[in-house]
Structures are given as C-alpha cells and as structure tokens.
A.B. asks: 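First the structure, then my questions, so here it is.
Positions are given from 1, in the same order as the sequence printed here.
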Amino acid sequence: MRRWRLVLGGGDADGTGCALEGADAQMDAALGAVYDQDGREGQSRREGGLGASAPRVARWLGDIRTYFPSTVVQVMQKDAIERLNLTRLLLEPEMLEAVEPDVHLVGTLLALNRVMPEQARESARAVVRKVVAELERRLAQRTRAAVTGALDRSARTHRPRRVSDIDWDRTIRANLKNYLPERNTVVPSRLVGYARRQRSVQREVVLCIDQSGSMAASVVYSSVFGAVLASMRSLKTSLVVFDTAVVDLTEQLHDPVELLFGTQLGGGTDINRAIAYSQGLITRPADSIFILISDLYEGGVRAEMLRRVAAMTQAGVQVIVLLALSDEGAPFYDHDNAAALAAMGVPAFACTPDAFPDLMAAAIERRDLARWAERHTGA
C-alpha cells in the first residue's frame, strides 16, 4: 500500500488510505514537485512546483539524489526542465553545480550557450566536461578496438601471419575438397586470412552532423566519437556541423568540450549545402566513409541533395545515414527522403552509441550495412 500511495500521489482518489511519514513523505514531496502539476478536473491537485528561485531548485536536486538512483534522477531532471520550464534557472551557477550531469542536460546547455551569462559559463563547461569524460571512458576503448581490428582485417591474404588473422569460415569453404570422413575433419592446404596494412592513413571519415534542436543527443555522442576517431593515426577524420550554415570543427576534435561549445543547436536545415561542403573534404573516394547524422528534414534543395549522395556512392564513397545517434529509440524523420536514399542503396537507420563501434567496423570492412542494421537495430 505504501508503494501504491507513492505511485498514485495521494488525495481522495487514490483509495489507499495510507499516510506517509519521514523519508517517504519527503520522497513523495520531491515527486509531487514535478508530477503534481498536471491535475485534471475531478481529481485532487496538490500545490507542488519548484518556485522561481535557483536555491529551491538546488535543494530539490539534492533531495532526489538522496532518494533515487542516478538513472531516475536524470529522468526527473529532464521532466522538470520540460514540465516546469526551468530552462532559465539552468543559467544560474548554483543550480549547475547541483545537477546530475547527463547527455540531455548537455544538449540543453549547448542550446543556451549564446545567452548564458559569463558567471554560469564555467559551471556549464564543468558539467559538459564531466559528461564527455564519462562517455569517453565508456566508449573510447571499444571504438578503438573495433576500428583497429576492422582495419587490420580489411585486406585478404593467403599467408596470414597469426592464427588470429585466419578467416576460418572462408578457409574451411576453400578446403572442403580436403575433407577426411574417417577423421571427420578438413585438412587445409590453403589458408585464407587478413593482411595487415602498413599505410599511415587507411580511411577517410567525414562526420556530418545536423545541429537542429531535435538532434542534441546525437551532436553530443558524435562529437565524442569524432574525437576518438581523430586520435587514430590510421584514420583521417573530419567533423562538420550544419543548420542553414556549415561549420567545419575538425580543428577542435582534440578537445570535444570546446568542439561542443562550437555548435549552435537549433535553426533551420540545409542538408544539401552540408553534403556539398563534405564532398570537398574527400580526396580518396574508394577509401572514404561519409556519415550523415540527420533527421532528413531538408530545408534546402531536395533533388540536389539526392543527386549529390548518388554521385558520392558512384565514386566509391561508403555513405551511411544515421537518423539518430542516441539512446532515445525511434526518432522522428522524413520518411520520403529515407526511402529515396534506401532506393539508392544508402542505409538510413537509428543507431545507439553502444552499437556505433561495430557499425564503424562493418563500414570499414564494407559489409552489407542494410543487413547489419536489421540485425543490430531492428530496422
């Protein structure tokens, strides 16, 4: 009954007859501050809310961290910002010091970057720095391992140097004629494996990111992945962000925090213009991977955008369209443009950050990315 009382929120309609005391009452008050604001007619409505002062919000943030795990805290923070319009209070340094940093909060701060007062800017950078460091800790090593392995295996040889370089599936298929039924085994007379290339730069990667407001989480994750890829000498990585203008942030890839503060979330979208700029960055089409991260709502010239994508694929560029790079699930996107790209053989799907390293490996090895998406994203 205590749990039902906390879920239902109290009042005459909850039917539990259960009173809360002590920590339970404080937990209920923290929940009510956000979720009692949508009272409907015929139901009791308590007077919740966080008021209009940063100190009161800071106390509330302390309360929810006391009573709920960090994953729940992040959800409640996001709901409070949206439901109670607390955006203005995020400009206060004392509130920024109290929040639980996460990707959604970073996106909000980046959107407020141009109006943020100077006294709050350093606190905002500290929040962004903490989130970026956590993402790098979680994702960097796996990305480097996946990409390095894919590059090592991107050329085949009949003289693999190590057992780990042998492609067992292809080796067995190539030696089926040497099957010994009495021993139930295949005797390989010819090995098929992977060569290890020695060139300093093996692939060119261009990340082209839509920085419209709905793509905030994708911008954060893309910036972190861009910085990780740029640290690998075997890749030449470029990062471009766009709305109706195009900004090349490649020079900031060494510092993803500065890179993020170089973005400007919101505004219109000119995908065609961004692709045109990105084409100029590609010098070796057959060894290039172009990743467009966008919801595909084109504000520019649609026909020209599709023509440019077709030209890139015909030149040998591996083109991938990510409708979102986030944990948010199914994104909103332009279905007509996605279908037009699919008709050209360009896969368009949402990708979670945890799946991105495997996606990069698949792209480097030139596997069928449409099938990869079906297996890994349910697309």
Side-chain angles (χ1 to χ4, degrees), residues 103 106-107 109-110 113 125 128-148 150-151 200-212 215-243 245-265 271 274-275 277-284 287-295 312 317-327 350-364:
V103 170
V106 169
L109 293 176
L110 296 179
N113 183 31
R125 285 181 182 275
V128 175
R129 195 174 295 114
K130 184 174 181 179
V131 172
V132 167
E134 173 59 25
L135 292 179
E136 287 184 320
R137 184 196 63 76
R138 169 185 149 198
L139 301 169
Q141 183 56 41
R142 185 156 169 253
T143 302
R144 292 191 184 98
V147 171
T148 300
L151 288 169
S200 59
V201 175
Q202 299 184 36
R203 292 289 190 277
E204 294 182 358
V205 178
V206 179
L207 293 172
C208 187
I209 309 168
D210 183 343
Q211 59 177 352
S212 58
M215 302 296 293
S218 297
V219 170
V220 176
Y221 282 118
S222 301
S223 299
V224 172
F225 279 120
V228 173
L229 297 176
S231 70
M232 303 180 66
R233 295 179 62 184
S234 52
L235 301 178
K236 177 187 175 185
T237 304
S238 302
L239 189 142
V240 174
V241 298
F242 68 93
D243 42 35
V246 179
V247 180
D248 190 335
L249 294 175
T250 303
E251 294 299 319
Q252 279 75 51
L253 278 171
H254 67 282
D255 187 343
V257 175
E258 290 302 315
L259 189 154
L260 283 167
F261 276 95
T263 63
Q264 184 174 348
L265 295 176
I271 303 173
I275 294 176
Y277 180 86
S278 299
Q279 281 180 297
L281 299 175
I282 296 173
T283 61
R284 294 160 45 189
D287 292 322
S288 296
I289 302 170
F290 174 69
I291 304 175
L292 174 65
I293 303 173
S294 172
D295 56 16
M312 292 174 77
V317 178
Q318 182 128 10
V319 180
I320 304 168
V321 176
L322 298 184
L323 304 170
L325 180 55
S326 69
D327 293 304
C351 180
T352 65
D354 287 331
F356 186 79
D358 292 334
L359 170 63
M360 284 300 303
I364 289 170

A.B. asks: Could you go through Q202 and D287, starting from their C-alpha distance and side-chain angles, then the distance that decides it, and tell me whether this counts as side chain to side chain contact (heavy atoms under 4.5 Å, CB included)?
C.D. replies: CA-CA 7 Å; Q202 299 184 36; D287 292 322; over 6 Å; no
A.B. asks: For a 4.5 angstrom cut-off between non-hydrogen side-chain atoms, does P256 reach E136?
C.D. replies: yes
A.B. asks: Give a yes or no answer on whether the side chain of S231 reaches the backbone of V228 with a donor-acceptor pair at less than 3.5 Å.
C.D. replies: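 The answer is yes, because a donor-acceptor pair under 3.5 Å joins these two groups.
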A.B. asks: How many angstroms lie between atom SG of C208 and atom CD1 of I293, to the nearest 0.5 angstrom?
C.D. replies: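 The CD1 atom of I293 is 8.5 Å from SG of C208, to the nearest 0.5 Å.
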A.B. asks: Less than 4.5 Å apart, any side-chain heavy atom of L292 and any of I271?
C.D. replies: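 Heavy-atom side-chain distance check passes, below 4.5 Å.
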A.B. asks: Drop me the distance from L253's CG to F225's CZ, to the nearest 0.5 angstrom.
C.D. replies: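 Atom-to-atom, L253:CG and F225:CZ are 14.0 Å apart.
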A.B. asks: Which value, rounded to the nearest 0.5 Å, describes the distance between F261 atom CZ and D255 atom CG?
C.D. replies: 10.5 Å
A.B. asks: Under the side chain to side chain contact (heavy atoms under 4.5 Å, CB included) rule, what do V128 and V220 come out as? Steps first, then yes or no, please.
C.D. replies: CA-CA 9 Å; V128 175; V220 176; over 6 Å; no
A.B. asks: Rounded to the nearest 0.5 Å, what separation is found between the CZ atom of R129 and the CG atom of L260?
C.D. replies: 11.5 Å
A.B. asks: Take V219 and D210 through the test side chain to side chain contact (heavy atoms under 4.5 Å, CB included) and record every step on the way to the result.
C.D. replies: CA-CA 8 Å; V219 170; D210 183 343; over 6 Å; no
A.B. asks: Below 4.5 Å, heavy atoms only, C-beta onward: do T148 and M232 meet side chain to side chain?
C.D. replies: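 Heavy-atom side-chain distance check passes, below 4.5 Å.
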A.B. asks: Below 4.5 Å, heavy atoms only, C-beta onward: do D327 and V103 meet side chain to side chain?
C.D. replies: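 Not in contact.
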A.B. asks: Side-chain contact, heavy-atom cut-off 4.5 Å: P353 with L139?
C.D. replies: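 Answer yes - side chains close enough.
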A.B. asks: Walk me through it: do L239 and L259 pass the test side chain to side chain contact (heavy atoms under 4.5 Å, CB included)?
C.D. replies: CA-CA 10 Å; L239 189 142; L259 189 154; 4.1 Å; yes
A.B. asks: Does E134 have more than 12 heavy atoms from other residues, nucleotides or ligands lying within 6.0 Å of its CD?
C.D. replies: yes
A.B. asks: Just by modelled atom types, is the L325 backbone N or O under 3.5 Å from a matching donor or acceptor in the S218 side chain?
C.D. replies: yes
A.B. asks: Taking the side chain as everything from C-beta on, heavy atoms only, tell me whether T237 gets closer than 4.5 Å to T250.
C.D. replies: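 No. Closest side-chain heavy atoms not under 4.5 Å.
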A.B. asks: Under a 3.5 Å distance rule, please check whether Q279 uses its side chain to pair with a backbone N or O of M312 as donor and acceptor.
C.D. replies: no
A.B. asks: Is there a donor in the side chain of Q318 and an acceptor in the side chain of S288, or the other way round, less than 3.5 Å apart?
C.D. replies: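 Looking only at side-chain atoms, S288 and Q318 do not form any donor-acceptor pair under 3.5 Å.
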A.B. asks: Got a second to check how far I282's CD1 is from F290's CZ, nearest 0.5 Å?
C.D. replies: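 Here the interatomic distance stands at 6.5 Å.
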A.B. asks: Say you draw a straight line from CZ of F242 to OG of S212; how long is it, rounded to the nearest 0.5 Å?
C.D. replies: 7.5 Å
A.B. asks: Counting C-beta onward and ignoring hydrogens, is there a side-chain heavy-atom pair between Q264 and V247 closer than 4.5 Å?
C.D. replies: no
A.B. asks: For R203 and I364, indicate whether the former's side chain and the latter's backbone hold a donor-acceptor pair under 3.5 Å.
C.D. replies: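 Checked: pair present.
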A.B. asks: Looking at D354, is its backbone amide N or carbonyl O close enough to the side chain of R142 to form a donor-acceptor pair, meaning the two atoms are under 3.5 Å apart?
C.D. replies: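 Yes; judged by distance alone, with no hydrogens or angles, the pair exists.
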A.B. asks: Tell me, do L323 and D295 make a side-chain contact under 4.5 Å, heavy atoms counted?
C.D. replies: no
